[in-house]
Colleague: 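I'd like to ask some things about the structure below.
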There are 2 protein chains.
Amino acid sequence: MVMSSRSGADLALLLLGSYRNLVDEVVRELANRGYPDARPSHEYAIRAIRAGADSASDLARRLAITKQAAAKTIAALVERGYVTTETDPADIRRKNIRITDHGIGLITEGTAIFDEVRARWETRLGTAELAELETQLEQFVGDSPINLDAPGWAAGQELR
Amino acid sequence: MVMSSRSGADLALLLLGSYRNLVDEVVRELANRGYPDARPSHEYAIRAIRAGADSASDLARRLAITKQAAAKTIAALVERGYVTTETDPADIRRKNIRITDHGIGLITEGTAIFDEVRARWETRLGTAELAELETQLEQFVGDSPINLDAPGWAAGQELR
DNA sequence: TTGACATGGACAACCAGGTTGACCAACACT
DNA sequence: AGTGTTGGTCAACCTGGTTGTCCATGTCAA
């Protein structure tokens with residue numbers, strides 16, 4: 001009956017390969033548009049910050065990583081000029097994060113490129129088909145213990 | 001044009017999340033079945049070795065990584081008893097890799113678990129639907145600039 | 001046969017993006 | 001006040017890679 005010639009292991013590779021393809025292309029194009037040092041994790045982090053994570057501990061919770069890891073990421077973002085930090089006057093333990101214009105530029109471009117690539121996929125697959133694919137994937141991610149708007153586990157690998 | 005536009009960034013997260021879900025489950029179950037130290041990369045590496053990569057350089061080419069990285073992976077596999085190496089009598093530079101019974105056990109169990117998880121997805125989505133999803137993903141991986149093309153696993157002729 | 005080049009492997013240093021664990025200063029709550 | 005929670009930091013380590021350098025061995029042509 002089923003010509004399930006495909007193995008579960010292949011399915012995993014298919015998912016990973018698709019992800020890498022998409023993300024590598026975004027990173028490549030981001031470099032072309034003036035963000036040569038941007039890494040996927042930077043984008044995700046800035047998005048989380050914009051969504052309300054205004055301190056390292058906050059970001060850590062949001063990304064479901066340790067606060068030490070979050071601190072490292074923030075240090076990288078500061079180094080590259082995507083965010084700045086300043087001590088919270090109301091709680092001097094806290095260091096508030098603010099996204100710079102450069103950081104805003106990064107996620108603006110990043111979002112655009114992501115959407116462009118998705119649009120190409122849509123052209124190829126058909127609108128309804130891509131929507132269905134996304135709905136299906138949502139089911140697999142949905143019963144996950146992991147939080148989708150918490151891409152901490154989005155470590156990923158360098159391109160080429 | 002209803003709920004059309006999901007963002008490209010979300011699509012990336014969906015793909016990665018699905019992959020992680022699948023693989024995490026396999027690793028977890030592998031631990032239950034007596035392979036507590038098995039990592040995904042070990043499985044892929046052993047598969048590549050079984051498919052014909054019988055030296056470090058060979059494995060490197062097959063996995064599209066550097067030979068140094070391949071050597072490290074092999075060292076880890078040897079350490080865990082999944083493979084052994086011995087100098088090639090016909091070319092003493094070469095160190096031939098041989099998979100141990102333990103290594104065979106790992107990929108046998110691994111393959112089974114991968115397939116079990118896939119079967120659960122199939123139940124949930126429907127056979128035709130999962131098949132279509134795989135076909136779609138294949139298109140994205142197919143025009144890949146990156147080297148995921150290790151014939152041993154991408155074109156997997158598994159199942160012994 | 002020899003000399004040029006290719007190949008297999010190893011050593012070392014490094015990177016990204018995480019992890020544990022220990023710790024301290026500052027805040028919050030009785 | 002004292003106790004406990006929270007924000008941040010230092011340090012060491014892990015995984016799965018990367019360069020760069022080096023050398024012994026193998027191959028092939030002249």
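Chain identifiers are assigned alphabetically (A, B, ...) following the order of the sequence lines, protein sequences preceding nucleic acid strands; residue numbering begins at 1 within each chain.
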Colleague: Quick one: B:Asp37 CG to D:dG16 C1', roughly how many Å, whole number?
Modeller: 16 Å
Colleague: Go through it in stages, so that I can follow the logic: the residues are B:Leu106 and B:Tyr35, the test is side chain to side chain contact (heavy atoms under 4.5 Å, CB included), and I'd like the CA-CA distance, side-chain angles, deciding distance and then a yes or no.
Modeller: CA-CA 7 Å; B:Leu106 173 62; B:Tyr35 303 89; 3.9 Å; yes
Colleague: Taking NZ, NE, NH1 and NH2 as the nitrogens, is one of them in A:Asp58 or A:Arg61 under 4.0 Å from a carboxylate oxygen of the other?
Modeller: yes
Colleague: B:Asp54 CG to C:dG9 P: how many Å, rounded?
Modeller: 9 Å
Colleague: Would you indicate whether the side-chain heavy atoms of B:Leu22 and B:Trp121 approach each other to under 4.5 Å?
Modeller: yes
Colleague: Write down the distance between NZ (B:Lys72) and P (C:dA10), rounded to a whole number of angstrom.
Modeller: 13 Å
Colleague: Taking only residues two or more places apart in sequence, or in another chain, which ones meet B:Glu116 in a side-chain hydrogen bond (donor to acceptor under 3.5 Å, both in side chains)?
Modeller: B:Arg33
Colleague: Please determine whether a side-chain nitrogen of the Lys or Arg among B:Glu129 and B:Arg124 lies less than 4.0 Å from a carboxylate oxygen of the Asp or Glu.
Modeller: no
Colleague: Within the structure, does a side-chain N or O atom of A:Ser55 lie under 4.0 Å from either OP1 or OP2 of D:dG7?
Modeller: no
Colleague: Write down the distance between CD1 (B:Ile65) and P (D:dT15), rounded to a whole number of angstrom.
Modeller: 15 Å
Colleague: Are any side-chain N or O atoms of B:Arg50 and backbone N or O atoms of B:Ala45, one a donor and one an acceptor, separated by less than 3.5 Å?
Modeller: no
Colleague: Rounded off to whole Å, could you give me the CD1-to-P distance for the A:Ile74 and C:dG17 pair?
Modeller: 14 Å
Colleague: Go through residues 75-83 of chain A and report each residue with a non-hydrogen atom lying under 4.0 Å from DNA chain D, sorted by number.
Modeller: none
Colleague: Could you note down all residue pairs passing salt bridge (charged side-chain N to carboxylate O under 4.0 Å, His left out) where residues 72-81 of chain B supplies at least one of them, sequence neighbours left out?
Modeller: B:Asp37-B:Arg80
Colleague: With the criterion being N/O to N/O and under 3.5 Å, what pairs connect the protein with nucleotides 27-30 of chain C, and how long is each?
Modeller:
| residue | atom | partner | partner atom | Å |
| --- | --- | --- | --- | --- |
| C:dC27 | OP1 | A:Ile92 | N | 2.8 |

Colleague: Examine C:dT7: is either OP1 or OP2 under 4.0 Å from a nitrogen or oxygen in the side chain of B:Arg61? Give yes or no.
Modeller: no
Colleague: With side chain to side chain contact (heavy atoms under 4.5 Å, CB included) as the test, would you mind laying out the steps for A:Ile49 and A:Leu77 before giving the verdict?
Modeller: CA-CA 11 Å; A:Ile49 293 165; A:Leu77 294 177; 4.0 Å; yes
Colleague: Under 4.5 Å between any side-chain heavy atoms of B:Gln136 and A:Glu132, yes or no?
Modeller: no
Colleague: Any side-chain N or O of A:Arg39 under 4.0 Å from OP1/OP2 of C:dA16?
Modeller: no
Colleague: Just by modelled atom types, is the B:Ser7 backbone N or O under 3.5 Å from a matching donor or acceptor in the A:Asp115 side chain?
Modeller: no
Colleague: Whole angstrom is fine here: how far is it from CG in A:Leu63 over to C1' in C:dA16?
Modeller: 15 Å
Colleague: In this structure, how many angstroms lie between the P atom of C:dG17 and the CZ atom of B:Arg20, rounded?
Modeller: 14 Å
Colleague: Can you check the B:Asn96 CG to C:dG9 C1' distance for me, whole Å?
Modeller: 13 Å
Colleague: Please list each protein N or O that sits under 3.5 Å from an N or O in nucleotides 20-22 of chain C, with the distance.
Modeller:
| residue | atom | partner | partner atom | Å |
| --- | --- | --- | --- | --- |
| C:dT20 | O4 | A:Gln68 | NE2 | 3.4 |
| C:dG21 | O6 | A:Gln68 | NE2 | 2.6 |

Colleague: Using 4.0 Å as the upper bound for N to carboxylate O, is an ion pair formed by A:Glu138 and B:Arg6?
Modeller: yes
Colleague: Please tabulate, for the side chains in residues 92-103 of chain A, all donor-acceptor contacts under 3.5 angstrom to protein atoms that are two or more places apart in sequence or on a different chain.
Modeller:
| residue | atom | partner | partner atom | Å |
| --- | --- | --- | --- | --- |
| A:Arg93 | NE | A:Asp91 | OD1 | 3.2 |
| A:Arg93 | NH2 | A:Asp91 | OD2 | 3.0 |
| A:Arg94 | NH2 | A:Asp54 | OD1 | 3.4 |
| A:Asn96 | ND2 | A:Asp88 | OD2 | 3.4 |
| A:Thr100 | OG1 | A:Gly81 | O | 2.6 |
| A:Thr100 | OG1 | A:Tyr82 | O | 3.0 |
| A:Thr100 | OG1 | A:His102 | N | 3.3 |
| A:Thr100 | OG1 | A:Gly103 | N | 3.1 |

Colleague: Check whether the side chain of A:Lys95 and the base of D:dG7 form a donor-acceptor pair under 3.5 Å.
Modeller: no
Colleague: Side-chain N or O of A:Ser57 less than 4.0 angstrom from OP1 or OP2 on D:dG8?
Modeller: yes
Colleague: How would you label the contact of A:Ala56 with the nucleic acid (heavy atoms, under 4.0 Å): base, sugar-phosphate, or nothing?
Modeller: sugar-phosphate
